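These notes concern the structure reproduced below.
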Amino acid sequence: MSFDNYVFHNVYEIYSLQRSNTYTLKKALEQLPLKNANELLSNTVSAKAGNNVIFLSLESFEKGFIKERPDLTPFLNKLKREYHYYDLNPTTGGDWTSASAYMALTGMPAYFGEDGNNIFQGSQNYKLNTLGQVFESAGYSMTYLIANKDFSGINDMLQTFGFEVKSETDFDENYERIPWGLHDKDLFNELEKEILLKKNNNTPFAIYASTVATHFPDGLYDKRMEGIIPAQRTDLEFMIAAVDYYIGELFEMLNRENLLDSTTVIIVPDHQFMATHPVIDDLKERGLFVLSTEKLEEVETKELYQLSIPEIVLDLSDIQTNAVFLSHLIGADKNQFIDANRSHLRDINVAALTTINLDKGFTITKDNQQLIIKILDQEIIATNLKLGNNSDVYQIELDDQYRIVKTQEIAQSQLKKAVLKPLTLTIDASVEDTISSFFTDIDGIISYKKGKTQVDFETYDVESKFDVNNTITESIVDLDQNTTSLFLKSSSFNSKKLSYVKLGEQQFLLDRGVNLITVDQEGTLLIDRFDTYLEPETIEELIESISKAKQSKKHIFLVVHDTAGASFSNYDVQLKNLGLKKLVDLKNRQAYIATLKQTETQEYVDNLILESTFNVPLKKVQLIKNTDIAINKFSKDVDRFIAHAGGKIDGKVYTNSLEAMDLNYKKGFRNFELDIIKTTDNHFVAAHDWDIWKEQTGYSGNTPVTLEVFNSYKLLDNYTAIDMAAINKWFKKHKDAILITDKTRDVKGFGDLFIDRNRLVMEVFTTKDAEIARANSIKPMLSENIMDRLKDQLIPFMKINQIEHLAFSRNSIQKFQVVLEQANELGYKSYVYHVNFQAGKDEKYVIDYELGKVYGMYADQWNFKLD
């Protein structure tokens, strides 16, 4: 199994939004290696208008479509010849649609520590410079046209940046609805209407529009273009030609209305094509571009990056402003800077974006002809609803973090149905001077409150199962000592929920497509994902994998997340032979779970969510006392052991002393752990903590102490305490020794002072510190609390940040066994997992459980000679 077949996607770090309350934007900016980073703050933006702006963001539109396929893009090639074309380098952090929009308006990579676009839901304010602020300051009217504005917070994001956002629900014409909202043909029709509307006003305008027709995997075919566009070998090629045609029609209108003299048109792809495709495979040159009716005058054109789009827009449209963007402050290689400062940029993004949710309580007030929802703990008005239009009944949909996703007015007759839906706030203000409100939480529990002019809700966090009455009625027996529970959840695309597997207490998120879950007779869990939506050919691999699993008599389960595509009918015979009749007819976006036993197969399908629990064998980990033979064998591997706190000396532990290190080096230890703390005058010293140091020295004063006081005391009357100078002196002499630190959180500070970073491993206690360590060429060792927090995100976090070491108690092997097994399956067999044995124990244990082909290590003070 390769890592790419597993369940994680775009995972950087589990990162709490609450961080923005304590980790200020100013402090976050100070972490960037830029002297003038504070210029990014949107204190007072002033601007002078230039041309009108029409900005077209083309979905997955590669520059090769223009340069290498003029048969598909005759009009874009005409624009390329007559106007101005520039190659554009993609920038990391802008490689999906919403991230691209975020970068195009803020000049920041969309790192937030969360997947996808959910971070933007409930966004209310943004504290960095944006093009929206520039446009507003210069007096522009601002509109953003998009196929579906209710998709994952994009509407909230664009509104936060000052745009009026319009999509299929806002247009008068009754267009055909497609999963992405509406076809580009209809979007361009509305774009022309919007331009003509704004032309007649006396203010400059900025109109942005995002297309969808060339979306992977093969474009969104529009049969209305048949007879207009020549037939092509693939739908994608047909829709590339269609987009070119739409742009040609747009320019005809702009010429006809004499708008090109006062309007700058800018055409940029949102990102590269996100999948394999014959058309993409045939391209010799891939990347992005800028195509504009105006010439760049101030921005350096030698090598343009996607990050620079705000500056490019300002230059091309001749708008004058004092607003500064990140690309202006950093060097030529934008991606190199972003990669080196990803964690800092993430902190800045999170601190800059203010989001709101209802989980701490809220107030609904009826004031004149408005309903005002006010967040209690943040003192932010969430939304204002105008009364007196129609029914005065509103349904507000929330996400699983209680952020407002969508607000709509509903008929009085729909009130009961709306109230029954989990994650909704329903408000009935139809009776004069009265508010009736229903808050339905994630479990479907309804709180009802009524008031004359105001109602208050206090909410609380709950752990939900989201019971939608679709739990599979599978017979479950009481667990015995040899079995454990396996919980499966399949969520359809329309449910907007996660799918996951939970084995005992270990939870694993599932990605799009069909997930094959097997548990063998030993209790080993394996998860293999087949993205049958994006790559229908993987259905053959899925069938082969199921057949092999059945031969091995494993417990076999299938779970679909999001969508599985619609190509199963092509494998009708093979799937039905496996008993998978319902999978053959599975509709796109349906939830699906199957259990495959030797004699029968059970399949379950639902339009929203399926949940089920099964009994499977329990994986047991045995701890056995070492035999003398085992000790002799393992003791020859010096990399297997770490001398904790310098190692045991004269039966004593936790000395962190010079003599302990000398003795244990002679015994054969080469890995030395030291506990690092700081003195009052900010010097690093080796001591477990100040209380233990006082006991060992007999010191009776206040602690911490100065470096001078620290060095003036002996430990236990016999041993020498060591400071940073002594640590460096010892490791300079012992050139094959490795230092492992504990306790200190000042990763960079210690790393800068230690003599040789190539021989330094630092135990870290937060994911941020792990990233700081990697950024400073220090090997991090993740502590157990990080493993607890990351859970199923641990392995991808290690992969992304190139982390090779974990530290945890031998008593936690059972807790982490599934993660470690998955690590082995994903190719982490070369990684060493350091198992932290309790200090001071004489028992010699080895874990009878293979972790990357290495038995448990990180042994404390094992009092025997290493050969």
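Nothing here was measured: the structure is a model prediction, and the numbers come from that model.
Under the 4.5 Å side-chain criterion, counting only non-hydrogen atoms from C-beta, L288 is in contact with Q272. With contacts defined as side-chain heavy-atom distances shorter than 4.5 Å, the pair F325/L314 qualifies.
Residues passing the salt bridge (Lys or Arg N to Asp or Glu O under 4.0 Å) test with R69 are D71, E237, sequence neighbours excluded. Qualifying salt bridge (Lys or Arg N to Asp or Glu O under 4.0 Å) partners for K166, counting only residues two or more places apart in sequence or in other chains: E194. Listed by chain and number, the residues in a salt bridge (Lys or Arg N to Asp or Glu O under 4.0 Å) with E297 amount to none (sequence neighbours excluded). Listed by chain and residue number, nothing satisfies the side-chain hydrogen bond (donor to acceptor under 3.5 Å, both in side chains) test with N255 (two or more places apart in sequence, or in another chain). Among residues two or more places apart in sequence or in another chain, the ring-ring contact (aromatic ring centres under 6.0 Å, His included) test is passed with F337 by none. Remark: H215 engages W180 in a ring-ring contact (aromatic ring centres under 6.0 Å, His included) (not counting sequence neighbours). The ring-ring contact (aromatic ring centres under 6.0 Å, His included) check on Y208 picks up F55, Y144, F163, with sequence neighbours excluded. With sequence neighbours left out, F135 forms a ring-ring contact (aromatic ring centres under 6.0 Å, His included) with Y140. Shown here are the side-chain contact (heavy atoms from CB on, under 4.5 Å) partners of E298, two or more places apart in sequence or in another chain: D315. Residues forming a salt bridge (Lys or Arg N to Asp or Glu O under 4.0 Å) with D222 (at least two apart in sequence, or on another chain): R224.
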Does the pair E294 and S317 meet the rule for a side chain to side chain contact (heavy atoms under 4.5 Å, CB included), with working shown?
-> CA-CA 8 Å; E294 301 295 331; S317 58; over 6 Å; no

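Relative orientation of the Y86 and H84 rings is parallel, given thresholds of 30° and 60° on the angle between their planes.
A salt bridge is defined here as a Lys NZ or Arg NE, NH1 or NH2 lying under 4.0 Å from an Asp or Glu carboxylate O, and E257 with K199 meets this definition. Comment: D87 engages K67 in a salt bridge, judged by a side-chain N to carboxylate O separation of less than 4.0 angstrom. Salt bridge annotation for E226-K223: absent, with no cationic side-chain nitrogen under 4.0 angstrom from a carboxylate oxygen.
Under 3.5 Å, the side chains of T97 and D270 contain a donor-acceptor pair of N or O atoms. Counted by atom type alone, Y111 and D347 present zero donor-acceptor pairs between their side chains at under 3.5 Å.
Here the CD-CD distance, from Q408 to Q395, works out to 5.0 Å after rounding to the nearest 0.5 Å. The CD1 atom of I229 sits 7.5 Å away from the CG atom of D244 when rounded to the nearest 0.5 Å.
For CG of N202, the number of neighbouring non-hydrogen atoms (other residues, nucleotides, ligands) closer than 6.0 Å is 12 at most. Within a 6.0 Å radius of NE2 in H277, other residues, nucleotides and ligands contribute more than 12 heavy atoms. N201 CG: more than 12 foreign heavy atoms inside a 6.0 Å radius.
Every pair passing ring pair (Phe, Tyr, Trp, His ring centres under 6.0 Å) that includes a residue from residues 224-268 is listed here, sequence neighbours excluded: F75-F251, F188-Y246, Y221-F238.
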Output side-chain donor-acceptor pairs under 3.5 Å for residues 33-41, partner residues at least two apart or in another chain, one line each.
none

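When atom types are taken as modelled, the side chain of T532 and the backbone of G513 share no donor-acceptor pair closer than 3.5 angstrom.
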